[in-house]
2 protein chains.
Amino acid sequence: MNDAFKALADPTRRQIITLLTERHRSAGEIADQFHISKPSISHHLNVLKQAHLIVDERRGQHIWYTLNTRVLQEVLGWLLNVTLLSHEA
Amino acid sequence: MNDAFKALADPTRRQIITLLTERHRSAGEIADQFHISKPSISHHLNVLKQAHLIVDERRGQHIWYTLNTRVLQEVLGWLLNVTLLSHEA
DNA sequence: TTTATATTTAGATAAACTTCTAAATAAGAG
DNA sequence: CTCTTATTTAGAAGTTTATCTAAATATAAA
């Protein structure tokens, strides 16, 4: 779960996640939404993939990226836990 | 919210948050739970404070740290949103 | 098989992060 | 006032991260 938290710590990566909530997208489509180079986006996609927050699947020339909500749910669970357990809550 | 996500990206800081769900604690009590130096813990506390995840209050020689669940709830909200919006969910 | 498109890998650089030790500050006790 | 305890600030070292350009790989089309 540490990898997931680290992956979520970057605003570009969080925005990629937001994009993927709408529908799956190719690496190029994702890169088009940002003002940073394709190799940089590829790096971010890799960080998200290592954290299992996204899944990739090649179809022809394109590689399609999809959200994996399972890890998102684990992080959600951690946060829900500390929030609910907190005596201030 | 970026500061909160960045603050949550470190395992020591997440553990500090977990400790503070039980009850408020002084900087020294927190430091005692780890094998890293007090200045390092002080630094982590500062990162959490900058992110408004915790609040500090000096009482005499001690500084007491308390969770601020408001920011935690914001992060929770973001995650809940992307998880629920996701077509895979 | 050559060319074009999509994406990643390699290697470099600069900034940010974690940690340490030593020194400084703040408050209370004698 | 001096001493002790609690905590932070300063400054440095080593590591990781984000980004870039150039080159490599993979697939499809001509």
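In the text below, chain A, chain B and the rest are named by the order of the sequence lines, each starting its count at 1.
Side-chain contact check for B:Arg25 versus B:Tyr65: every heavy-atom pair is 4.5 Å or farther apart. Side-chain atoms of B:Asn68 and B:Leu53, non-hydrogen and from C-beta on, never get closer than 4.5 Å to each other. Looking at A:Trp78 and B:Arg14, their side chains come closer than 4.5 Å, going by heavy atoms from C-beta outward.
Look at CG on A:Asn46: it is 11 Å from P on C:dA10, rounded to the nearest Å. To the nearest angstrom, C1' of C:dT21 lies 15 Å from CD1 of B:Ile36. Atom CG of B:Asp56 and atom P of D:dA6 are 18 Å apart (whole Å). Atom C1' of nucleotide C:dT7 and atom CG of A:Leu45 are separated by 10 Å, given to the nearest angstrom. Between the NZ atom of B:Lys38 and the P atom of D:dT9 there is a distance of 16 Å, given to the nearest Å. Here the P atom of nucleotide C:dT8 and the NE2 atom of A:His43 are 12 Å apart, to the nearest Å. If you take CD1 of B:Ile63 and P of D:dT7, they are 7 Å apart, rounded to a whole angstrom. Spacing between atom CG of B:Asn2 and atom C1' of D:dA18 amounts to 13 Å, rounded to whole angstrom units.
The side chain of B:Ser42 approaches D:dT9 more closely than any other nucleotide in the set D:dT21, D:dT9, C:dT8. Counting only heavy atoms from C-beta on, B:His62 has its side chain closest to D:dA6 among D:dA6, C:dC20, D:dA18.
Contact annotation: A:Tyr65 side-chain N/O to C:dT8 OP1/OP2 distance is under 4.0 Å. Close to D:dT17, at under 4.0 Å from its OP1 or OP2, lies no side-chain N or O of A:His44. For the OP1/OP2 pair of C:dC20 and a distance below 4.0 Å, the side-chain nitrogens and oxygens of B:Ser37 include at least one atom meeting the criterion. Residue B:Ser26 has a polar side-chain atom (N or O) positioned under 4.0 Å from OP1 or OP2 of D:dT7.
Listed by residue number, there are no residues of residues 6-15 of chain A with a heavy-atom contact under 4.0 Å to DNA chain C.
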Counting primed atoms plus P, OP1 and OP2 as sugar-phosphate and everything else as base, spell out the protein contacts along nucleotides 23-30 of chain D at 4.0 Å heavy-atom distance: B, S or - for each nucleotide, 5' to 3'.
----BS--
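In terms of modelled atom types and a separation under 3.5 Å, the side chain of B:Gln33 and the main chain of B:Ile30 share no donor-acceptor contact.
Atom CD1 of residue A:Ile54 and atom CG of residue A:Leu72 lie 11.5 Å apart, to the nearest 0.5 angstrom. One finds the OG1 atom of B:Thr69 at 12.0 Å from the CG atom of A:Leu85 (value rounded to the nearest 0.5 Å).
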Would you be so kind as to tabulate the donor-acceptor pairs closer than 3.5 Å made by side chains of residues 38-51 of chain A, with sequence neighbours excluded?
unit_1, atom_1, unit_2, atom_2, d
A:Ser40, OG, A:Ser37, OG, 3.1
A:His44, ND1, A:Arg13, NH1, 3.1
A:Lys49, NZ, A:Asp56, OD2, 2.9

